[in-house]
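Everything below concerns the one structure shown next.
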Amino acid sequence: MKRTTKKRLTRGVMYLIFVAAILALVLAADWAAIQKAFFNVDIARDAFPDVIVIAAKNTIVYTAIAFAGGMVFGLVLALMKLSPVAPYRWAATIYIEFFRGLPALLVIFTFAFAVPIAFQWRPPGGSAGAGLLALIIVSAAYIAETIRAGIQAVPKGQVEAAHSLGMPAGWTMVSVVLPQAFRIVIPPLTNELVVLIKDTSLLFIAGMAIQQQELTTFARDSVSSVGNSTPLTIAALMYLAVTLPLTRLVAYMERRGARGR
Amino acid sequence: MKRTTKKRLTRGVMYLIFVAAILALVLAADWAAIQKAFFNVDIARDAFPDVIVIAAKNTIVYTAIAFAGGMVFGLVLALMKLSPVAPYRWAATIYIEFFRGLPALLVIFTFAFAVPIAFQWRPPGGSAGAGLLALIIVSAAYIAETIRAGIQAVPKGQVEAAHSLGMPAGWTMVSVVLPQAFRIVIPPLTNELVVLIKDTSLLFIAGMAIQQQELTTFARDSVSSVGNSTPLTIAALMYLAVTLPLTRLVAYMERRGARGR
Amino acid sequence: MTSPAYDHAIDVQKLHKSFGDNEVLKGIDFHVDDGEVVCVIGPSGSGKSTLLRCINQLEVPTKGRVLVEGVDMTDPETDLNDVRSRIGMVFQSFNLFPHLTVTDNLTLAQRRVKKRSKADARRCALENLAKVGLEDKADAYPAHLSGGQQQRVAIARALSMEPDLMLFDEPTSALDPELVGDVLAVMKTLASDGMTMMVVTHEMGFAREVGDKLVFMDEGVIMEEGDPVEVLSNPQHERTQEFLSKVL
Amino acid sequence: MTSPAYDHAIDVQKLHKSFGDNEVLKGIDFHVDDGEVVCVIGPSGSGKSTLLRCINQLEVPTKGRVLVEGVDMTDPETDLNDVRSRIGMVFQSFNLFPHLTVTDNLTLAQRRVKKRSKADARRCALENLAKVGLEDKADAYPAHLSGGQQQRVAIARALSMEPDLMLFDEPTSALDPELVGDVLAVMKTLASDGMTMMVVTHEMGFAREVGDKLVFMDEGVIMEEGDPVEVLSNPQHERTQEFLSKVL
Amino acid sequence: SSEPEAAEGEPELLSAGNLTVCTDAPYKPFEYPDKASPTGYTGFDMEIIDAIAAEMDLEVTIKDAGFDGLQSGASLAAGQCDLVASAMTITEEREANLDFSEPYYDSKQSLLAEAGSDIASIDDLDGTKVGVQQGTTGAQYAKDNVPEGAELVSFPSDAELYAALSSGGVQAVLQDLPVNLEHTDDGNYEIVEEYDTDESYGFAVKEDGSEDLLAAINDNLQALRDSGDYDTIYEKYFSTE
Ligand SMILES: Nc1ncnc2c1ncn2[C@@H]1O[C@H](COP(=O)(O)OP(=O)(O)OP(=O)(O)O)[C@@H](O)[C@H]1O
Ligand SMILES: Nc1ncnc2c1ncn2[C@@H]1O[C@H](COP(=O)(O)OP(=O)(O)OP(=O)(O)O)[C@@H](O)[C@H]1O
Ligand SMILES: NC(=O)CC[C@H](N)C(=O)O
Ligand SMILES: [Mg+2]
Ligand SMILES: [Mg+2]
């Protein structure tokens, strides 16, 4: 068979399958029921403004705190891991591997319940504070790896060129390596931010006051009190409103970065 | 100051700080309390064999199911996303972006409770089945992106060389691209496996019978029934026993891969 | 060889190629005859690779025609893979299949495209490896070969499809200087065996010694073509003079 | 220049360097005098780059001494950064700082190491850009320059530290053939201005024309050294003959 | 283990002037969200606590937490709250980890199933899935009494429990009677059997260091009963006309 004939045929069949699949979905689904369950306008209206002023706000606040804390702590860990002093490297490696290997939920639970009991010490901010502390501790492990990889991704030739000019190690790090590492890590750090946004949904396990609820907890709570799934739809849209632009941005930056080299 | 003198001094100070930090930790912590709370031998003994034959087993079974399902579905999505037929690309893109932007917990909750009501359809295996289905659906989105990236990471020159030899597209994909893509994606897929292992800890929200409990649920359950945190320690060790070798393996493969090129 | 049923081995007619707004080939007309060795030179970005890639349709031309042994490559009804299997192509970056041994690199297309038996394909592979002086590397993986060896395997791979003509895109420019010689030697043997060849190269020595015709390209057009010795020693066009003064 | 307080600009004594089990330099002895241009040739992997990098201690030698203007670089009490700022180094891959403009590339080390004012540093930068013919690129970013321009900026960057000697590691081998000329021209000017230079290169023409001494290295030892014209036309050692026959 | 004479001491609280109360909401009619309420929650427990706190001149903060952690004493020991008010049954096992107030409500267990389904008693549960809430007396009762072929599925809170029943994830729910009764309002589900487990709810405080608080709670609970306010609230939620 000739090339184009064959191609046209395969394409045609593929379009047909696609249309058939769409049709099947449209006909099989009970759209009235779905709309009633997931897109109930009255219930949606009731969810406002709380879903914004409480739930979305808390999700953002928790994410910001966890990210800021994770950045500070993660940078320290990254520098420790690249330190010439072996015990620092070991300590950082153990920490990072440990917390990357555990479910965040387990860590949050441990910090909210087990740690205060064992140490007779409560993190500031009560159980939500404990949960956030756990998120910081977990995200620091991931962020540390990201930053370390970024620093190491700066070509060795850059450091060598700086050294050849007589620049000492400290200045080389500050003026040559970190500015380049920073650009390299922006995309993976943004991804980490997206992960954190989603991980705030685990904080409920620590126990929260109603003013402290974030999106997922808020949605689950509303679903059971109104007996309808529309709050889930709203929460999902809220998440996507934040995460989608961020992931698109990462994709864009990565494409640009790949071209830039 | 001369180079070595200065270096010796900084090193010395850094070691001192490290030793001081360790000492502070050792002296400040109430080791007896910690041991009693987290390393209680009697309670640890009681946790066996259930923590193995039920909890660890279920974690592995759930992970395996979610990974297998995610692989099959993810491969289909990846091929759709690379398809010359635009609607397939769009459908795959929308699916992938949607599910990567939502917390897994929210998706599990939706599939376990909202979907069956709206669609009058229950996934096999009750709510645990629904939770697993949600994990499959979420992981498929991530796996699809991984596989697509792997296929695209095979240098264009490979396809061109095959075409120059007269090899048709299908054979080129099978004999030249996929074998190389497969090697490229093993490390990120292993990472995805680690993520899934940890994400099985979210399944509890869908409800589970005792026989269905995975590690985190089992640990949380035991903590409240025995009033001691040792089960958390055991669960953590179990997770690490699986995740640590896997992440080390990934690191090893990535190092070897980086050198191989 | 019996007299062929076509005018030229390669016949490029009014060829244009744009990438987006960037017109890279601006109306190329030229041909290569059976048994002829044509060398193409020109500054970076002048469109040499693109021209070569248009010939076996790795790039689809924007306008114009390319006939290979009389078959119109731009006609949608042409069975591309069939014609391609008669055109050997050698890339600057070798493009060996890294997951296959040297022999498997040489037998893959023979078996999939020419449907040869495993034994036949292997026999042909070993013959061609011998031609490039690498029969002892039959079971090695590409990663274990030097650049020069890889390029010679790439040539052997193209040869094992028994092509009627060969396209070379800067086959030696990714090689360390001392490895260049072996590859050029193989190409010289090919040429003296009567292979029709089109070679993009910076190796002026090779062009002078082996080439039947030299083509100088600049900014998507052919500026000058003719006998290599003549063009190199007495370039007519100003751009050619400028280029050669820098390169020689 | 007043008579210096040292014997040789560069004095390499019994230098050994191993990477793990792999001994890459196996006892190198040689020196470069003030104002001398020494070219180093040799096959890939023979240790040319490693030798150059040992001189300014980018690699720490395993055994032996390196004296630069009489200062022992291997002595732990030496202030390395001070000596390094007097040695200009130019790499095969340019290694410009991609996040800085051309001017900032040239002023960074002046300001950080020489503690020059912004204005002084800028003045010196522009002077040196003029020397390499790129004053109009002062505000461009490296990514917007051609390879040849980048390499000339790299030379200007080294010059702006006002070094007493310069090391070049295959400064033209990453360049397209037509861009090589500009870089070599800059290097020739430098040489004729009396700069002490050590150049690893494959450009035999440059070595012949500009070099005061040619060093042939193979497998970590200096096989042969002498007047470039002599070594190139009449190599004494069998390995040198073999190498030159391939390269020339 | 309560010491009445300690009542005069100022109870020690997590934050002064504020009573932090953990509860597992929603658990209608005992605790469920209500935007109109200053604490964000209302219900029988919530109103009793509000009344007691008002007597003690304390503000109330309600925190929603998993019941499992509440009944095990972990939330109290971890310092998440001063008091648990979550329809929690007074049991011996729990007494080992926390201290209960005097009982304030008497309850039973019950079995909820779809109206008109084959399930008429606990013996019909063979081969079905039965939903229970993790760590509750209902879960314990079910474990002890369902036939061997029944599968017990435990959920973190009553919210998922009822959602699972309506979505068909489980065929019946074994839960405290007043709570199950709430789910019979629309007529789709009915109580098919009640079990007289003779259980009473109590408020809970942590084992050590909350003696003053417990005494004050007990005193004020008694005062509510004496003043008739308790009955008013009780009538509001459990009137049987
Ligand atoms: N796939 C592509 N997409 C967009 N532009 C391209 C593509 N391939 C080549 N070009 C552009 O076409 C022009 C000619 O490229 P080509 O590779 O044919 O030049 P060349 O003469 O082979 O140069 P060189 O000697 O560097 O290999 C260049 O400007 C290049 O940027
Ligand atoms: N950092 C390193 N670690 C380990 N081995 C190295 C390192 N740098 C160089 N080598 C090895 O040392 C040997 C000499 O390398 P070097 O780069 O000095 O050779 P060269 O003569 O400059 O070659 P070329 O012409 O390819 O640049 C090679 O075998 C190389 O693999
Ligand atoms: N909040 C609840 O679920 C309480 C259930 C039951 N009364 C118990 O104490 O176990
Ligand atoms: Mg090209
Ligand atoms: Mg080198």
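Below, chain A is the first sequence line, B the second, and so on; all start at residue 1.
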Item checked: side chain to side chain contact (heavy atoms under 4.5 Å, CB included) evaluation trace for B/Ile210 with E/Leu152 -> CA-CA 7 Å; B/Ile210 291 237; E/Leu152 292 184; over 6 Å; no
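Contacts between E/Asn97 and chain B at a heavy-atom distance below 4.5 Å are absent for every atom of the residue. When heavy atoms are compared at a cutoff of 4.5 Å, B/Gln211 does not approach chain E at all. Residue E/Glu93: no heavy atom, backbone or side chain, is found under 4.5 Å from chain B. Both the backbone and the side chain of E/Glu160 have a heavy atom closer than 4.5 Å to some heavy atom of chain B. In this structure, the portion of B/Ala206 lying under 4.5 Å from any heavy atom of chain E is its backbone and not its side chain.
Side chain of E/Ser154 to backbone of B/Ala209: no donor-acceptor contact under 3.5 angstrom is found.
Among E/Pro156, E/Gly66, E/Gly131, the residue with the largest count of heavy-atom pairs under 4.5 Å with chain B is E/Pro156. Most heavy-atom pairs under 4.5 Å with chain B: of the set E/Ala74, E/Ser72, E/Ser157, E/Ser167, this distinction falls to E/Ser167.
Scanning all heavy atoms of the two residues, the minimum distance from E/Asp68 to B/Arg220 falls at OD2-O, 4.1 Å. Summarising the geometry of E/Gln134 relative to B/Asp221, their closest heavy-atom pair is NE2-OD1, 2.6 Å, with the distance given to 0.1 Å.
Taking a 6.0 Å sphere around CZ of B/Arg89, one finds it holds more than 12 heavy atoms contributed by other residues, nucleotides or ligands. Counting heavy-atom neighbours within 6.0 Å of E/Asp144 CG, excluding the residue itself, gives a total above 12. Surrounding CG of E/Asp198 are at most 12 heavy atoms belonging to other residues, nucleotides or ligands under 6.0 Å away.
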